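What you see is a predicted model, and the numbers here were worked out from it, not measured in a lab. Heavy atoms only: backbone and side chains are in, while hydrogens, waters and symmetry mates are out.
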Amino acid sequence: MSKAFKGMLTLLMAVVVLGFGAFTYLDLYGGKSDTSVQTDSGVTLQFWYTDSSMTSYYNNAASYFNKRNAGITIVPTLVDSAEYLDDIYEASVEGVSYPDLYVISDDSLGKAYLAGLTVPVTGEDLDTLWEEFSTVSISAVSYENKVLGYPLYFNTSTLVYNETYLRQIASGETASSEEDDDVDLSTADSEDESGASMENTADTEEDTDGESTADGDEGAESASEESISQDAVSEDNSVSVEDLVPVTVGELLDLANNYEAPDGVESLFKWDVNDVFYNYYFIGGQIVVDGSTASDVDINTEGAINCLNIFQELTEFFYVDPDEVDADSILEEFLEGKVLFTIMDINHALQLEEAAAEGTMEYEYGYSVIPHPSDVWMGAALSVTQVVVVNGYSEYADAAAAFAAFLTGEYGREVENLYTSTGHVSANKTVEKTTELEEVFSKEYERSTCLPKNPAAGNFWMLLENTFSSVWEGESIETQLLALEDQVKAQYAAE
């Protein structure tokens, strides 16, 4: 299991139950609202979660909600458990100290639904969700044609680039010519394990272009109208930084072939090739996994084959040794100015932001959505959404739903900024995104796809990670995709 994916999905946290802290908004926002829930007698609702970075935020939100909703007390509880959802089920069945609502990742919704641990979102709350959240968010919280929760925040991955270096390239300081003997961007990486150099990149591109067809059977170098080429360079030998940020993999390779690497750059493009979280965008838009039966599964598609061909061909341009990289090591190389483009999730982007704030990141940088595999085959990054769910066993489902709607909507929009307080990016479109990180990751999220929620496909991501690894090492793409599809369909059939 890869580090970034484990770090994102793990439910292991320290065992503590924290009391309510001071709340700075009560005096300003103590009044009742139209969404206040009144009851004849006081009720206490237990709210479980596993992410310790959210403790203060949840405590503040609960204090605010309790103050203006007479008779209701929300009690947030940080839970440490390797079997978090199983513990919720056991406590609910026993009727002892169970949560009335809780937070889980979207890939666990199927299991929660089948265990009776969800209450579908209906009525005005459902209408509000469609107004305030993207279709990706709604898809993330839906299962068996039911909306089962309230999206809160998400994690996904996006492109990060060294803007200082791109500005040098754009100004013409590193523009290459046929007479230059320096290594260009496409050969900045080290030799592969066989000792073969990367100096054949231009020939590889010509061969791939010759195989492209209008129906989408094309290689990584498929040209687009916006492709970077020597013809795009102005008379003063410069282009804009925006022009140099690739929209497709083909544009990335055009950049590699037409410009020299600035001093210090060892890799034009480097990412954690071990981790499905960063690789997924290559086929995320070309496969169908989630559904009710095996017939819903469609993995060995034309699009997936073509996109994995592009993925595999990248080894000829930017070989990355899987045994020598992970997301943490690549972040360090990026901080040192050794990598021009990389892919990061929000957690690593926050570490980059922290390094910049502390002055240990000496370069300017920027974010952009990940380049599509080509101008025909679209990519879709993997995303994981944290969801607030009302427990089907709760005696106070209406009150619990009111807090869930408030927490994922009004509170983050009008009271306390989620990103500023926690570093998490809100899934709610109406919550203002004030930083480049929030804006770009939100754009990536809106075109992303999520893990399957059907429990029958519970180990799909692990199987897919093995598939990517085999393809990266040169194995047959068609063979690997067919084997993956057969494995997933067999799991569905066995359920």
Side-chain angles (χ1 to χ4, degrees), residues 157-159 185-187 189 192 198 200-229 245-258 267-287 299-320 322 340-343 368-382 444 447-449 464-482 484:
S157 57
T158 198
L159 188 73
L185 287 170
S186 65
T187 63
D189 286 309
D192 63 21
M198 301 293 143
N200 61 346
T201 55
D203 293 336
T204 303
E205 183 177 17
E206 292 175 2
D207 292 342
T208 307
D209 285 342
E211 297 173 358
S212 299
T213 62
D215 64 1
D217 185 12
E218 60 183 348
E221 297 73 42
S222 171
S224 71
E225 293 180 359
E226 299 178 337
S227 290
I228 303 302
S229 68
V245 177
V247 176
T248 66
V249 171
E251 293 184 12
L252 180 69
L253 299 178
D254 285 338
L255 176 65
N257 285 325
N258 292 321
S267 302
L268 168 72
F269 182 36
K270 193 172 187 179
W271 75 104
D272 186 358
V273 297
N274 298 294
D275 198 329
V276 68
F277 196 63
Y278 304 113
N279 291 331
Y280 195 83
Y281 80 96
F282 275 97
I283 64 170
Q286 307 301 328
I287 63 175
I299 295 174
N300 189 31
T301 67
E302 178 188 6
I305 292 171
N306 278 278
C307 289
L308 282 185
N309 267 312
I310 294 170
F311 173 79
Q312 193 175 67
E313 287 168 359
L314 287 178
T315 62
E316 300 176 22
F317 288 81
F318 320 116
Y319 183 76
V320 181
L340 186 54
F341 292 100
T342 189
I343 300 174
S368 180
V369 291
I370 302 174
H372 288 297
S374 78
D375 54 358
V376 173
W377 303 112
M378 300 295 100
L382 183 65
E444 195 77 76
R447 67 176 197 170
S448 69
T449 186
L464 181 59
E465 197 163 76
N466 293 335
T467 299
F468 271 112
S469 178
S470 297
V471 170
W472 186 253
E473 295 300 330
E475 298 293 329
S476 167
I477 292 169
E478 291 83 351
T479 299
Q480 292 298 317
L481 282 178
L482 182 59
L484 176 63

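To the nearest 0.5 Å, atom OH of residue Y281 and atom NE2 of residue H372 are 10.5 Å apart. How far CD1 of I343 is from OG1 of T158: 8.5 Å, rounded to the nearest 0.5 Å. For the atom pair CZ of F311 and CZ of F282, the computed distance is 6.0 Å after rounding to the nearest 0.5 Å. Remark: I305 CD1 to L481 CG distance equals 6.0 Å, nearest 0.5 Å. Atom CD1 of I287 sits about 6.0 Å away from atom CG of L464, to the nearest 0.5 Å. Taking OG1 of T467 as the start and CG of N279 as the end, the distance is 11.0 Å to the nearest 0.5 Å.
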List the steps, then state whether side chain to side chain contact (heavy atoms under 4.5 Å, CB included) holds for D272 with F277.
CA-CA 9 Å; D272 186 358; F277 196 63; over 6 Å; no
Please lay out, stage by stage, how F269 and F317 fare under the test ring-ring contact (aromatic ring centres under 6.0 Å, His included).
CA-CA 9 Å; F269 182 36; F317 288 81; over 10 Å; no
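For Q286 (side chain) and E302 (main-chain N/O), no donor-acceptor pair under 3.5 Å exists by modelled atom type. For S157 (side chain) and Y278 (main-chain N/O), no donor-acceptor pair under 3.5 Å exists by modelled atom type. Between the Q312 side chain and the E475 main chain, a donor and an acceptor come within less than 3.5 Å of each other.
Two residues are said to be in side-chain contact when any heavy atoms from C-beta on lie closer than 4.5 Å; F468 and N466 fail this criterion. For the pair L253/L314, a side-chain contact is recorded, criterion being any heavy-atom separation below 4.5 Å from C-beta on. Contact check for I283 versus I299: no side-chain heavy atoms found under the 4.5 Å cut-off.
For W472 and N274, the side-chain atoms include no donor-acceptor pair closer than 3.5 Å.
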